[in-house]
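These notes are about the structure you will find just below.
Reckoned from all heavy atoms, side chains included, excluding hydrogens, waters and symmetry mates. Protein chains get the first letters and strands the later ones, always in sequence-line order, with residue 1 at the start of each.
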2 protein chains.
Amino acid sequence: MASLEQLDGPRPATLSDVASSAGVSIPTASKALNGRPDVAERTRRRVLEAAERLSFAPNEVARNLAAGKTGTVGLLTSDLEGRFVLPILMGAEDALGAGQINVFLCDARGDAIREQHHLRALLSRRVDGIIVVGRQTDPRESLGQKLPVPVVYAYAPSDSLRDYSLTPDNEGAGRLAAEHLIATGRTRIAHISGDSTYQAAQDRVRGACAALLDAGLQPVGETLFSSWTEHWGRDATSLLLSRHPEVDAIICGSDQIARGAIDTLRDLGRRVPEDIAVIGFDNWEVLATNSRPELTSIDANLQNLGREAARAIFSALDTGGLDAGLHRLPTRLVIRGSTISRR
Amino acid sequence: MASLEQLDGPRPATLSDVASSAGVSIPTASKALNGRPDVAERTRRRVLEAAERLSFAPNEVARNLAAGKTGTVGLLTSDLEGRFVLPILMGAEDALGAGQINVFLCDARGDAIREQHHLRALLSRRVDGIIVVGRQTDPRESLGQKLPVPVVYAYAPSDSLRDYSLTPDNEGAGRLAAEHLIATGRTRIAHISGDSTYQAAQDRVRGACAALLDAGLQPVGETLFSSWTEHWGRDATSLLLSRHPEVDAIICGSDQIARGAIDTLRDLGRRVPEDIAVIGFDNWEVLATNSRPELTSIDANLQNLGREAARAIFSALDTGGLDAGLHRLPTRLVIRGSTISRR
DNA sequence: CTGTTAGCGCATTCAC
DNA sequence: GTGAATGCGCTAACAG
């Protein structure tokens, strides 16, 4: 392997340098390097040696111009800060990188104007596709169907069903949580959710309630909504226990809320999970594995969602098509000590 | 503003289309669009109108090939998962984006081979610069000084002083923490740190001890090292209090450790901050603002570090130079309830 | 099998 | 002021 230092020089070697150094014409050098069949083995060797000697690396910019494709995709996020965006990014970057395609990262910072700017920039740079990553699962405005490249919406689906969107199955997630609690023998199950304006909150509640009904159970009390914070988890838990002391399990809308709930339960002398089981959403490792007991949670498989988005781009690049619509990806139950006591 | 849908079409408009539509030659159209002076106003108007009419957007690939510059930089991270990387990324992307330059995101996932691949890819794509973002503040291997573009190392400095590196001033951070505690009247100050193999841990301890000595104080007990977890914060705090019940302040190596400490202090009936003050590092909002009381912490200003990295790239692009060496960026004290009680 | 010709889309000479 | 000519580095379609 040529050392990286060799890549240097006053001017990187061009195909022309290689060709003349090998004593052949430029197209011949090109064919030889690209493994095309119509080149004599002897010639190919000479060219390869010359390329090696000069540490030749093809200029992708020129290659892209000639090819009309760039082998790049744009990752257009609405907000990098949102903690659900990063795993999706990672998954996408990973999958795309493995396919030899590089990623332009653009953060619109929640600003529609900036998003338009970035979109134009990406198209000017002739990206082969775009992945739009939103911060919530609420539908977002479509970029329109007439863009010259395939677009995949991840996490936040497009508000148009003519676009291709990938989002976690939050209703299934709620169902998963409730079913786990039921399976472990809980019958008096309450729900502390987050911000009621989030569709994720509504979807999960709906799924959980459906599972309870299927099992012939009723939720204990009304679902409590407020914010996705530990503070709310504490307050809501106090409220819940004063109104419904008989509760034996709490579904919490996020791991943060669950941490608050566990905290307050301990203050109130209720044992987790013996007296009351607690389950969260998001499987945020830092929170889930550091609580006492560790937190059972629903993982949205976001990294996988990012990978699927990349895969969709790939297939669109191949076939040119993308079967439009909203695709809900399955979530996953991660069992820890807050719902099942250690033996 | 032309709607985005207009950007579409069977084939995006080229400069040639604009030129013929305006009844001028290609070079003239080019000059007119680029605001060059040697074009008659009347001609310029015709060209601009034609461009507008055709929704012309210059093909950046072609423009880059001709110019020999791409207006892109590579962001080479060793590990996207590391939670210190994201804010740096955000800062860099933000600053670069504002300067009209786009960012290639590459995650090496802690693998040197993959890093080499990405580096080669970035150079082939003719990025104008590279920012290398590490996951720890321990020095990392240099990419070498002979690369054809400026390289800035962020967070993890290069092990070569001939490179340009930006890293948080952890020693200053430790000093900041100790000085704050001293200023608020604490005198029996202990230190619970994280993984002793991290240079960040050592640097902060060193800074804190120096500040204590300057104030004529001695640290209470040996610094306790283990891991950057809440669990360790709990265990270490128990240990500390049994050995040194007189302690009146604890410097914790991270916010996670601090959360554990606060948790155990409450269990042991010590009031925070009245009996014992607690300060953390990282200012990880989710942890710091959700604890009871909220957590005073040292913020490493990572987003600013990312911005500075971008600025360094800019100046290198302009002047061609970068004054090599390890540059330590100041940190910032964020005071909350765990060191000063609310009135 | 090889090399000549042409073109990707744009910007930069330089004559006119 | 304007346009014809040339080049960025590479690939594709031909002719030899």
Original post:
First contact, last contact: which nucleotides of DNA chain D are these for chain A, 5' to 3', heavy-atom distance under 4.0 Å?
Top reply: D:dG9 to D:dA13
**OP:** For B:F84, enumerate each residue passing the ring-ring contact (aromatic ring centres under 6.0 Å, His included) test, keeping only those at least two apart in sequence or located in another chain.
**Re:** B:Y155
Original post:
What pairs with A:P150 under side chain to side chain contact (heavy atoms under 4.5 Å, CB included), at least two apart in sequence or on another chain?
Top reply: A:A316, A:L317, A:L322
Original post:
Listed by chain and number, what are the ring-ring contact (aromatic ring centres under 6.0 Å, His included) partners of B:Y153, not counting sequence neighbours?
Top reply: none
Original post:
Mind checking what makes side chain to side chain donor-acceptor pair (under 3.5 Å) contact with A:S165, not counting sequence neighbours?
Top reply: none
**OP:** May I ask you to say whether B:R140 pairs ionically with B:D159, meaning some side-chain N is under 4.0 Å from a carboxylate O?
**Re:** no
Original post:
Mind checking what makes side chain to side chain donor-acceptor pair (under 3.5 Å) contact with B:R83, not counting sequence neighbours?
Top reply: B:D282
**OP:** Can you sort out the partners of B:F314 under ring-ring contact (aromatic ring centres under 6.0 Å, His included), two or more places apart, ordered by chain and number?
**Re:** none
Subject >> Listed partners of B:N301 passing side chain to side chain donor-acceptor pair (under 3.5 Å), at least two apart >> reply: B:R332
Identify each donor-acceptor pair in which a side-chain atom of residues 15-33 of chain A lies under 3.5 Å from a protein atom, sequence neighbours left out, and give them as a table.
from, atom 1, to, atom 2, distance (Å)
A:D17, OD2, A:R11, NH1, 3.3
A:D17, OD2, A:R11, NH2, 3.4
A:D17, OD2, A:T14, N, 2.9
A:S20, OG, A:S16, O, 3.4
A:S20, OG, A:D17, O, 3.1
A:S21, OG, A:R53, NH1, 2.7
A:S25, OG, A:T28, OG1, 3.0

Original post:
Looking at five pairs on each end of the helix from C:dC1-D:dG16 to C:dC16-D:dG1, what is the angle between the two axes, given to 10 degrees?
Top reply: 50°
**OP:** State which residues pass side chain to side chain donor-acceptor pair (under 3.5 Å) with A:E41; sequence neighbours excluded, sorted by chain then number.
**Re:** A:R44
Original post:
In the 5'-to-3' direction, what one-character label does each nucleotide of nucleotides 5-15 of chain C receive under the scheme B = base within less than 4.0 Å of a protein heavy atom, S = sugar-phosphate only, - = no such atom?
Top reply: B--BBBSB---
**OP:** Quick one: label B:V24 by what it contacts on the DNA or RNA (base, sugar-phosphate, nothing), any heavy atom closer than 4.0 Å.
**Re:** sugar-phosphate
